Protein chains: 2
Amino acid sequence: MSTVNRENARRRGGDTAGRILDSAERLVQARGFNGFSYADVAAELEVTKASLHYHFPGKDELGLALLARYSERFGAALDAIEAEVPDAPARLAAYVALYADVLRGERMCLCGMLAAEYVTLSEPLRERLIGFFDVNEVWLERVLEQGRADGSLSFAGPARETARLIVSTLEGAMLVARPYGDLERFTAAASGLLATLTA
Amino acid sequence: MSTVNRENARRRGGDTAGRILDSAERLVQARGFNGFSYADVAAELEVTKASLHYHFPGKDELGLALLARYSERFGAALDAIEAEVPDAPARLAAYVALYADVLRGERMCLCGMLAAEYVTLSEPLRERLIGFFDVNEVWLERVLEQGRADGSLSFAGPARETARLIVSTLEGAMLVARPYGDLERFTAAASGLLATLTA
DNA sequence: GTCTATAGGCAGATAGAC
DNA sequence: GTCTATCTGCCTATAGAC
């Protein structure tokens with residue numbers, strides 16, 4: 001790397017690949033994977049499209065990198081909840097807060113957005129998208145079982161099904177709340193959901 | 001209209017505009033408004049793109065026609081439920097069945113799909129999309145109040161909020177179930193939701 | 001690593017013949 | 001109403017200089 005480029009990277013405040021991912025992630029979450037282009041990212045970062053192709057040869061590779069980073073970050077957030085929050089109801093509330101934070105940035109969940117575009121995605125992207133939801137379900141399932149065991153949560157049937165209900169409700173609440181530009185719509189739905197579990 | 005064209009229309013089994021809407025609707029529900037093109041519809045109908053532009057000058061007009069027809073049809077289905085199904089819990093179940101029927105065709109709800117792409121939509125499209133959700137909420141609100149009044153349904157807080165929770169959950173359940181290609185995922189979530197209201 | 005330049009294709013859209 | 005032909009612009013992607 002040249003001295004000039006190193007200086008540029010420093011001034012920009014981070015590695016270029018990371019900045020590309022930041023920009024692309026925001027664009028996908030706002031407009032969808034089919035609703036953004038390399039040109040959009042290039043304009044935002046004030047670099048050329050060709051430069052983006054150096055870091056991510058094709059849009060599919062970019063999508064895979066996006067999803068990998070998102071899943072990793074989400075997984076880390078789940079680990080953090082387990083480390084910092086002991087009881088099951090509070091863990092669920094912290095889980096909901098993860099979604100609320102995304103929506104606050106006027107973004108849709110990356111994976112909810114990709115789920116809408118599922119039919120148009122490459123096979124590798126599809127597989128990893130499914131993997132994201134699976135991880136969420138497994139994590140919620142454990143929290144739900146913990147809560148049922150210690151009496152802090154109450155629900156009927158397999159914990160896995162309630163876990164799926166939670167994921168569905170939160171994704172749907174984000175989806176519908178965003179057009180209204182109304183975070184309260186999301187939090188109200190989430191509260192209503194959690195209320196049925198702590199009753 | 002020429003004799004030949006009238007014959008073509010007859011053989012095709014309907015007016016051209018309607019067939020265009022049928023094709024476009026299916027494509028939007030499967031791939032998104034940004035994921036289909038006039039070329040896709042033209043290929044499916046074995047006509048030229050120019051012909052489509054005669055019926056719907058631009059993609060935006062096509063989208064508006066799509067949404068208008070969908071809303072009208074959905075409204076008619078809600079009217080039919082009210083006419084044929086008397087009690088509130090059964091009305092909710094019938095409402096859920098409307099969504100399940102869409103998903104059975106491996107489609108996402110048209111409006112859920114457009115909600116995901118909201119940021120990229122024209123202002124007229126945005127307004128009418130909001131209108132669709134409003135109509136759903138109002139209808140559900142009335143059913144919920146009816147059920148609470150006659151004791152067949154039980155929920156806390158304003159009926160409108162629970163109505164929003166129902167819409168969110170069903171849209172989210174469709175969104176997540178489709179990648180798994182698993183209708184049962186949707187019906188399980190819907191059953192779980194309805195169970196909390198009849199308890 | 002980033003640039004200029006460009007390829008090749010598909011997008012939405014229009015003019016005008018039939 | 002549908003066609004052929006064409007336009008303009010944007011898309012993803014690549015070659016090669018610096």
Side-chain angles (χ1 to χ4, degrees), chain A residues 1-24 27-28 31-66 117 119-122 124-125, chain B residues 1-24 27-28 30-66 114 117 119-122 124-125:
Chain A
M1 193 195 243
S2 74
T3 311
V4 168
N5 284 335
R6 206 170 3 242
E7 173 57 21
N8 280 340
R10 191 204 56 75
R11 185 167 39 75
R12 283 166 175 163
D15 63 309
T16 308
R19 294 182 68 240
I20 293 169
L21 289 175
D22 289 342
S23 171
L27 284 164
V28 174
R31 308 175 50 92
F33 192 72
N34 295 325
F36 91 103
S37 72
Y38 269 47
D40 296 326
V41 177
E44 204 169 282
L45 266 48
E46 292 180 296
V47 294
T48 60
K49 290 181 288 171
S51 181
L52 304 184
H53 281 286
Y54 168 79
H55 294 280
F56 303 98
K59 209 180 176 184
D60 200 56
E61 286 90 341
L62 176 55
L64 287 168
L66 238 29
E117 300 175 294
V119 175
T120 70
L121 302 180
S122 72
L125 265 176
Chain B
M1 192 195 244
S2 75
T3 311
V4 168
N5 284 337
R6 201 163 14 232
E7 172 58 20
N8 281 341
R10 191 205 57 73
R11 185 166 40 76
R12 283 165 175 163
D15 63 309
T16 308
R19 294 183 66 240
I20 294 169
L21 290 174
D22 289 341
S23 171
L27 285 163
V28 174
R31 308 174 50 91
F33 193 72
N34 295 325
F36 91 103
S37 72
Y38 268 48
D40 295 328
V41 177
E44 203 169 283
L45 268 47
E46 293 179 297
V47 295
T48 60
K49 288 183 292 172
S51 182
L52 303 185
H53 280 286
Y54 168 80
H55 294 280
F56 303 97
K59 209 179 176 184
D60 201 57
E61 286 90 340
L62 175 56
L64 287 168
L66 237 29
L114 293 178
E117 300 175 292
V119 174
T120 70
L121 302 180
S122 71
L125 224 33

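Chain identifiers are assigned alphabetically (A, B, ...) following the order of the sequence lines, protein sequences preceding nucleic acid strands; residue numbering begins at 1 within each chain. Just so you know, these numbers use all the heavy atoms, side chains as well, and skip hydrogens, waters and symmetry mates. The structure displayed is predicted, hence computed values, not measured ones.
- Closest approach to the A:Lys49 side chain among D:dA13, C:dG12, D:dG1 is made by D:dA13 (side chain taken as heavy atoms from C-beta onward).
- Ranked by how close their nearest DNA chain D nucleotide is to the 5' end, A:Ala50 and B:His55 are led by B:His55.
- Axis deviation across the helix from C:dG1-D:dC18 to C:dC18-D:dG1 amounts to 0°, comparing end segments of five pairs, rounded to 10 degrees.
- A:Tyr38 does not carry A:Lys59 over the face of its six-membered ring by the limits of under 6.0 Å from the centre and within 45° of the normal.
- Counting only distance, with no hydrogens or angles, the side chain of B:Glu44 and the backbone of B:Val41 share no donor-acceptor pair below 3.5 Å.
- In this structure, the CZ atom of A:Arg19 is 14 Å from the P atom of C:dG1, given to the nearest Å.
- At least one side-chain heavy atom of B:Glu117 sits less than 4.5 Å from a side-chain heavy atom of B:Leu114.
- Here the nucleotide nearest the side chain of B:Thr48, chosen from D:dT4, C:dG12, D:dA13, is D:dT4.
- Here the side chains of B:Leu21 and B:Phe56 are in contact, with some heavy-atom distance below 4.5 Å.
- The shortest side-chain heavy-atom distance between A:Ile20 and A:Leu62 falls under the 4.5 Å cut-off.
- Contact record, B:Asn34 with A:Gly35: ND2-CA, 4.4 Å, taken as the closest heavy-atom pair.
- A:Tyr38 has its OH atom 20 Å from the P atom of C:dG9, to the nearest Å.
- If you check every strand for non-hydrogen atoms under 4.0 Å, B:Phe56 touches nothing.
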